[in-house]
Amino acid sequence: MPPQKVQTGHEDAVHDVAMDFYGKRLATASSDHTIKIVGVSNTASQHLATLTGHQGPVWQVVWAHPKFGSLIASCSYDGRVIIWKEGNQNEWAQAHVFDDHKSSVNSVSWAPHELGLCLACGSSDGNISVFTARADGGWDTSRINQAHSVGVTSISWAPSTAPGAVVGTDLLDPVQKLCSGGYDNTVKVWKLDNGVWKMDCSAALQMHTDFVRDVAWAPNLGLPKSTIASASQDGKVIVWTVVKAGEQWAGKVLHDFKTPVWRVSWSLSGNTLAVADENNNVTLWKEAVDGEWQQVTTVET
């Protein structure tokens, strides 16, 4: 698809953009309290719907896997998480509203579809909530209280297959882990153990000197290690790796951008990392054979 500018129609800053599974539609989240759905093709874009219901800036929006239907989750400064369902084409309604959090919800992330319809949410109240859909249409809630005592900024699920697992094997024991970043400058890794969320390693991952803006757990596709990227207000992106579950993660500075880094996002193969910084630059990075990270291109924005 050639580069194209998409007019979202938002009346204020756009905080997040998410493409659906098929690459046909964008969802955008804005300070104007709305979410816009935009259809995109090789040559043009088209406004399809505006979703209203939040009472504050919308920070993040994520599409569920299409096996669950056409669903979007959004989170807002208003402390609420809304799940939106498309009925007739381009007609969206609020399917569920979660108001468990007492302050801004900064990040939402759907679990790998193999784990069912499951949504993790991170809030400025310091807590992480995990909502899992039941067959009867209700939702079960589990919580990580005070995951980051001064606030959770970002969350990302681990792949459902363990590192080194052969792709396509039966998921007898799917991995249920997630990572989180916080205003306490740390990254933490969590594992669901007998229905209770616990830290997966003995200590928080501490190398950043300012708050963590984003975390992204890389797809592993049979790779022998787990990898997490974290982006921080301190200008650095750090790549954390561990070979065996339960061992301590090792961190390596990918690059010091000398300006706050807003977002990190992995390619589907898990070998290329996109980095967005405050200077409006988006760069792509790959790990070389010697273990050093190299910039491979700059994306025109």
Side-chain angles (χ1 to χ4, degrees), residues 16 59-60 62 75 104-112 120-130 143-159 162-163 175-193 197-220 223 225-257 259-266 270 273-278 285 287 291 293:
D16 194 30
W59 301 131
Q60 206 167 8
V62 283
C75 63
S104 175
V105 180
N106 303 317
S107 184
V108 283
S109 178
W110 290 109
C121 315
S123 170
S124 288
D125 64 13
N127 303 330
I128 295 171
S129 53
V130 180
R143 188 175 283 105
I144 306 171
N145 289 317
Q146 295 303 288
H148 297 265
S149 58
V150 287
V152 182
T153 57
S154 51
I155 43 179
S156 178
W157 285 88
V175 175
Q176 297 191 61
K177 292 183 182 181
L178 53 83
C179 63
S180 59
Y183 287 110
D184 58 4
N185 307 353
T186 72
V187 175
K188 294 183 179 180
V189 181
W190 309 90
K191 180 179 182 180
L192 189 62
D193 186 11
W197 287 95
K198 299 177 180 177
M199 280 188 68
D200 188 44
C201 50
S202 57
L205 311 186
Q206 304 184 54
M207 280 179 63
H208 287 297
T209 56
D210 207 334
F211 70 88
V212 177
R213 280 192 171 271
D214 197 24
V215 290
W217 201 311
N220 54 39
L223 297 174
K225 61 185 178 182
S226 295
T227 304
I228 294 169
S230 59
S232 170
Q233 186 74 8
D234 66 12
K236 294 183 177 69
V237 170
I238 294 175
V239 177
W240 309 86
T241 55
V242 69
V243 174
K244 193 174 180 182
E247 292 182 352
Q248 194 57 38
W249 292 71
K252 184 183 185 70
V253 176
L254 174 139
H255 186 67
D256 184 351
F257 291 82
T259 190
V261 186
W262 291 68
R263 297 296 290 271
V264 280
S265 179
W266 292 98
L273 183 70
V275 179
D277 66 44
E278 197 171 65
W285 299 77
E287 188 178 15
W293 286 86

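Heavy-atom basis, side chains included; hydrogens, waters and symmetry copies ignored.
If you take OG on Ser230 and CG on Leu254, they are separated by 10.0 Å, rounding to the nearest 0.5 Å. In this structure, the separation between NE2 on His255 and CG on Leu273 is 12.5 Å, given to the nearest 0.5 Å. From Lys225, atom NZ reaches atom OG1 of Thr241 across 5.5 Å, with rounding to the nearest 0.5 Å. To the nearest 0.5 Å, atom CG of residue Leu205 and atom CD1 of residue Ile228 are 6.5 Å apart. In this structure, Ser129 OG and Ile155 CD1 are separated by 7.5 Å, a value rounded to the nearest 0.5 Å. For the atom pair Gln60 CD and Ser107 OG, the distance stands at 4.0 Å (nearest 0.5 Å).
Contact between Trp285 and Val275 at its shortest, heavy atoms only, is CD1-CG2, 3.8 Å. In plain terms, the two heavy atoms of Lys252 and Gly291 that are nearest each other are CE-O, 3.3 Å. Across every non-hydrogen atom of Gly126 and Val152, the tightest pair is O-CG2, 3.6 Å. Taking every heavy atom of both residues into account, Pro260 and Arg213 meet most closely at CB-NE, 4.4 Å. In plain terms, the two heavy atoms of Phe257 and Val237 that are nearest each other are CE1-CG2, 3.6 Å. Taking every heavy atom of both residues into account, Pro159 and Pro219 meet most closely at CG-CA, 3.9 Å.
Remark: side-chain polar atoms of Trp266 are paired, donor with acceptor, to backbone N or O of Ala216 under 3.5 angstrom. Although no hydrogens or angles enter the test, the distance criterion places no donor-acceptor pair under 3.5 Å between the side chain of Thr259 and the main chain of Glu278.
In this view, Trp249 and Trp217 satisfy the ring-ring contact (aromatic ring centres under 6.0 Å, His included) rule, not counting sequence neighbours. Here Ser104 pairs with Trp59, Asn106 under the side-chain hydrogen bond (donor to acceptor under 3.5 Å, both in side chains) rule; sequence neighbours left out. With sequence neighbours excluded, no residue satisfies side-chain hydrogen bond (donor to acceptor under 3.5 Å, both in side chains) with Gln176. Scored by the side-chain hydrogen bond (donor to acceptor under 3.5 Å, both in side chains) test, Ser109 finds no partners at all (sequence neighbours excluded). With sequence neighbours excluded, no residue forms a salt bridge (charged side-chain N to carboxylate O under 4.0 Å, His left out) with Asp210. By the salt bridge (charged side-chain N to carboxylate O under 4.0 Å, His left out) test, Lys236 pairs with Asp256, sequence neighbours left out. Looking at residues two or more places apart in sequence or on another chain, you find no ring-ring contact (aromatic ring centres under 6.0 Å, His included) involving Trp240. Residues forming a salt bridge (charged side-chain N to carboxylate O under 4.0 Å, His left out) with Asp125 (at least two apart in sequence, or on another chain): none. Considering only residues two or more places apart in sequence or on other chains, Ser154 meets the side-chain hydrogen bond (donor to acceptor under 3.5 Å, both in side chains) condition with none of them. Under the rule for a salt bridge (charged side-chain N to carboxylate O under 4.0 Å, His left out), Asp234 has no partner lying at least two apart in sequence or in another chain.
Every pair passing salt bridge (charged side-chain N to carboxylate O under 4.0 Å, His left out) that includes a residue from residues 198-209 is listed here, sequence neighbours excluded: Lys177-Asp200, Asp193-Lys198.
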Listing, residues 178-189 side-chain donor-acceptor contacts under 3.5 Å, not counting sequence neighbours, or none:
residue, atom, partner, partner atom, Å
Ser180, OG, His148, NE2, 2.8
Ser180, OG, Trp190, NE1, 2.9
Asp184, OD1, His148, ND1, 3.0
Asp184, OD1, Thr186, N, 3.1
Asp184, OD1, Thr186, OG1, 2.9
Asp184, OD2, His148, ND1, 3.1
Asp184, OD2, Thr186, OG1, 3.2
Asn185, OD1, Phe211, N, 3.1
Thr186, OG1, His148, ND1, 3.4
Lys188, NZ, Ala147, O, 2.8

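Two residues are said to be in side-chain contact when any heavy atoms from C-beta on lie closer than 4.5 Å; Leu192 and Val130 fail this criterion. The shortest distance between side-chain heavy atoms of Asn220 and Thr227 does not fall below 4.5 Å.
In the displayed structure, Trp293 atom CH2 is contacted under 6.0 Å by more than 12 heavy atoms of other residues, nucleotides or ligands.
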